[in-house]
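Written out below as structure tokens is the structure these notes cover.
Just the heavy atoms: all of them, side chains too, but no hydrogens, waters or symmetry mates, feed the values below. Here the structure is a predicted model, which is why all the values come from computation and not from measurement. Order of appearance sets the numbers: ligands from 1, and atoms from 1 within every ligand.
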Amino acid sequence: FGQIASSDFSTAVESSSSWRNRSSLRISNLIGGSFVDSQSTESVDVINPATQEVVSQIPLTTREEFKSAVAAAKETFPSWRNTPITTRQRIMFKLQDLIRKNMDKLALNITTEQGKTLKDAQGDVFRGLEVVEHACGMATLQMGEYVSNVSNGIDTYSTREPLGVCAGICPFNFPAMIPLWMFPVAVTCGNTFILKPSEKDPGASMILSELAMEAGLPDGVLNIVHGTNDIVNAICDDDDIRAISFVGSNTAGMHIYSRASATGKRVQSNMGAKNHGIVMPDANVDATLNALVAAGFGAAGQRCMALSTVVLVGDSKSWEEKLVERAKSLKVNVGTDPDADLGPVISKQAKERICRLVESGTESGARLLLDGRDIVVPGYEQGNFVGPTILSGVTADMECYKEEIFGPVLICMQADSFDEAINLVNRNKYGNGAAIFTTSGAAARKFQAEIEAGQVGINVPIPVPLPFFSFTGSKASFAGDLNFYGKAGVQFYTQIKTVTQQWKDLPGGAGISLAMPTSQ
Ligand code: NAD
């Protein structure tokens with residue numbers, strides 16, 4: 001640890017070029033502890049969704065540059081895995097402190113590149129910070145098991161060993177939280193890491209990498225490569241990468257899952273969702289309406305746990321009227337406006353897609369109770385804004401129900417009975433989250449037992465578990481065996497090794513037995 005004392009380290013950071021290129025908008029890769037400008041001539045613009053201003057550009061990293069990032073991670077692995085776990089934990093302690101101190105800087109970057117409100121951006125950072133806090137206790141989480149004297153003079157114990165080079169591929173919607181679901185757990189377990197941020201909002205990953213190095217993470221432990229499909233495919237195919245964490249859409253997630261697992265890699269793939277909230281007639285009206293509006297429209301609906309579908313059991317009219325009233329009161333504005341409730345969606349294409357799905361809903365018979373598609377925000381006329389939109393009378397065969405909309409659109413469905421509502425939710429292919437709003441313990445208990453979703457909320461609209469549990473999406477929302485963070489996250493990034501040892505005075509004349517050894 002002496003070699004990576006913080007004072008030595010700050011020198012190292014200063015001597016590297018910054019991740020922001022001074023002479024152009026291009027941002028750098030991070031390879032072996034240095035921010036390196038890519039030699040690639042191709043770039044993708046990072047665009048502020050409220051203004052259309054080009055904030056920066058990511059390079060389409062070359063194959064050689066990618067290989068050098070993997071080589072740096074591979075070379076660093078032996079020394080990093082042998083670095084005491086207490087040292088690795090201390091770096092996480094320092095990192096969580098630095099993230100707190102840089103919360104505003106991170107949030108402003110997120111709002112500029114992704115569009116969400118500053119307050120929501122702080123929540124994005126905070127939910128990732130909690131994973132870093134959890135990683136501070138890795139020694140306990142990574143503990144093995146021991147059974148003494150499994151046979152005469154023989155003990156068996158298991159250890160959890162790091163895998164080697166792991167990689168993470170990120171979506172645009174949580175630019176801080178999702179990288180923080182990945183690399184802090186992986187590196188504290190003793191792995192080295194290649195991070196591929198979303199090409200739409202890479203800035204938070206870059207700031208986090210600077211903070212990680214300032215916290216004492218040695219050169220080469222965390223590497224960052226930018227790009228799109230080609231770099232992702234290179235990650236899937238690379239023989240030196242042992243495991244991939246992916247979060248994003250089903251199209252990309254299933255492609256990565258099959259391509260990477262065909263080469264023998266571990267993959268955890270968190271994907272799309274359609275989260276339902278069942279509202280029982282006995283639900284607390286005020287609290288339920290607030291929860292539905294917040295969870296449906298927060299982050300402009302661009303959360304994988306957004307509660308995008310409300311299933312009203314029994315009479316739906318009065319609920320819908322009140323929902324519309326509350327949704328109308330939300331303020332749509334640039335995310336830096338302190339009064340904004342929701343900012344823009346990520347891109348012009350995303351807005352078009354959202355509007356098309358709303359249109360398809362009305363064409364197939366849904367009623368548009370609130371239409372936010374033509375909203376104009378003064379001063380930000382070019383922004384990709386969509387105001388709160390509510391569709392009612394939606395049925396399970398409609399495209400707007402079957403597709404993940406990923407925008408500020410709340411879909412209302414009606415069920416005559418609780419059983420019908422549960423069946424409706426269970427027939428949906430996704431299984432990320434589902435919530436019930438009720439004052440009946442019996443209804444809540446039935447819901448939690450019968451609902452086929454991996455994360456269940458009881459009067460809680462967005463039941464994302466804290467990091468001592470895991471993020472347990474299921475059905476089409478997840479591919480793999482071991483979920484993100486919590487105990488499963490540690491298992492994902494470690495290989496179990498079981499040792500059987502014999503320490504006894506061996507009898508000389510026992511002879512040779514070729515029978516399968518059994519416990520004596
Ligand atoms: P996306 O799939 O378009 O992009 C995610 C990553 O995959 C990016 O880094 C991108 O460069 C890469 N990628 C995209 N298409 C690819 C392809 N064809 N081949 C190889 N790589 C490809 O997802 P997004 O639009 O950034 O994020 C939104 C999606 O993520 C939504 O579906 C949302 O539900 C999901 N999401 C899920 C969770 C979860 O935990 N379940 C969390 C956040 C977001």
Check each heavy atom of [X] against ligand 1 and say whether those closer than 4.0 Å belong to the side chain, the backbone, both or neither.
{"X": "Asn250", "result": "neither"}
{"X": "Asn173", "result": "side chain"}
{"X": "Asn270", "result": "both"}
{"X": "Thr251", "result": "neither"}
{"X": "Met305", "result": "neither"}
{"X": "Phe246", "result": "side chain"}

Is [X] close to ligand 1, meaning an N/O of one under 3.5 Å from an N/O of the other?
{"X": "His255", "value": "no"}
{"X": "Ser198", "value": "no"}
{"X": "Lys200", "value": "no"}

Where is the tightest heavy-atom contact between [X] and [Y], given as atom of each residue plus distance?
{"X": "Met92", "Y": "Cys136", "answer": "C-SG, 3.6 Å"}
{"X": "Pro59", "Y": "Ser38", "answer": "CB-CB, 3.4 Å"}
{"X": "Leu482", "Y": "Ala488", "answer": "CB-O, 3.8 Å"}

Where the closest heavy atom to [atom] is concerned, which of [options] has it?
{"atom": "atom 8 (C) of ligand 1", "options": "Ala252, Cys170, Gly253, Pro171", "result": "Cys170"}
{"atom": "atom 35 (C) of ligand 1", "options": "Gly168, Gly248, Pro202", "result": "Gly248"}
{"atom": "atom 21 (N) of ligand 1", "options": "Thr228, Val232, Asp201", "result": "Val232"}

| task | State, with a plain yes or no, whether a side-chain heavy atom of Pro175 is found less than 4.5 Å away from one of Glu113. | result |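 Not touching, per the 4.5 Å side-chain cut-off.
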| task | Look at atom 4 (O) of ligand 1 and say whether a protein heavy atom is found at less than 4.0 angstrom from it. | result |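 No, because not a single protein heavy atom sits under 4.0 Å from atom 4 (O) of ligand 1.
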| remark: Residue set satisfying ring pair (Phe, Tyr, Trp, His ring centres under 6.0 Å) with Phe492, at least two apart, ordered chain then number -> none
| For atom CG of Asp397, is the number of surrounding heavy atoms from other residues, nucleotides or ligands below 6.0 Å larger than 12? |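 Yes - once you tally the heavy atoms of other residues, nucleotides and ligands closer than 6.0 Å, there are more than 12.
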